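Computed from a prediction, not measured in an experiment: that's the story for all the values here.
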Amino acid sequence: QAQLVESGGGLVQAGGSLRLSCADSGRTSSNNAMAWFRQAPGKNREFVAATSWSGGAKNYADPVKGRFTISRDRGASRMYLQMNSLKPEDTAVYYCAVHRGASPSITSAGYVRWGQGTQVTVSS
């Protein structure tokens, strides 16, 4: 079964940067929208960023606009999240997901495949 595998998480000081990567082992997501979600301890999973199948349309959650950048390499079946100016409130497990359609939805409904997550911890 095709798997999504996240990597690139870790511990960073506030103001620092990390780049998350999501690899699709099944290479079946090239025509689908993909997204990043995150879940902090004691909180619900929340939307972070999404990209359309082509990468031409993108959506970002308000707390990360201007700091995070989502991108994808369809040929390599990979998606990335460049995170700059990190804040302690960005601490969470970050998940990548594949949507059943092509548009960058900001809600979790419709995302049919999920990775296991990668931990991002931002210290103050």
For [X] and [Y], which heavy atoms make the closest approach, and how far apart are they?
X	Y	result
S124	A14	CA-CB, 4.4 Å
A92	R38	CB-CB, 3.8 Å
K43	Q39	O-NE2, 3.0 Å
V120	G9	CG2-CA, 4.1 Å
A33	Y111	O-CE2, 4.4 Å
F47	N59	CZ-O, 3.5 Å

Within this structure, what is the [atom1]-[atom2] distance for the pair [X] and [Y], rounded to the nearest 0.5 Å?
X	Y	atom1	atom2	value
R19	S71	CZ	OG	6.0 Å
Q82	I70	CD	CD1	12.5 Å
S52	N32	OG	CG	11.0 Å

Close side-chain approach of [X] and [Y], heavy atoms under 4.5 Å:
X	Y	result
Y80	T69	no
V93	Y95	yes
N84	S17	yes
D24	R113	yes
M34	C22	yes
H99	W53	no

Report yes or no: does [X] contribute a side-chain atom to a donor-acceptor pair with the main-chain N or O of [Y] at less than 3.5 Å?
X	Y	result
S105	T107	yes
E6	Q116	yes
T91	V122	yes

With sequence neighbours left out, what residues match W114 under ring-ring contact (aromatic ring centres under 6.0 Å, His included)?
->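 With sequence neighbours excluded, W114 shows a ring-ring contact (aromatic ring centres under 6.0 Å, His included) to F37, given in chain and number order.
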So among L4, T51, L20, which one has a side chain to side chain contact (heavy atoms under 4.5 Å, CB included) with M79?
-> T51
Residue list, salt bridge (Lys or Arg N to Asp or Glu O under 4.0 Å) with R67, at least two apart or on another chain |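 Scan of R67 (salt bridge (Lys or Arg N to Asp or Glu O under 4.0 Å), adjacent residues dropped) gives D90.
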For N31, look at atom CG and say whether over 12 heavy atoms of other residues, nucleotides or ligands are found less than 6.0 Å away.
->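 Above 12, so yes.
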With a cut-off of 6.0 Å (strictly less than), are more than 12 heavy atoms of other residues, nucleotides or ligands near CD of Q3?
->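 Open.
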Non-neighbouring partners of S21 that pass side chain to side chain donor-acceptor pair (under 3.5 Å), sequence neighbours left out |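 Once residues adjacent in sequence are excluded, the partners of S21 under the side chain to side chain donor-acceptor pair (under 3.5 Å) criterion are R78.
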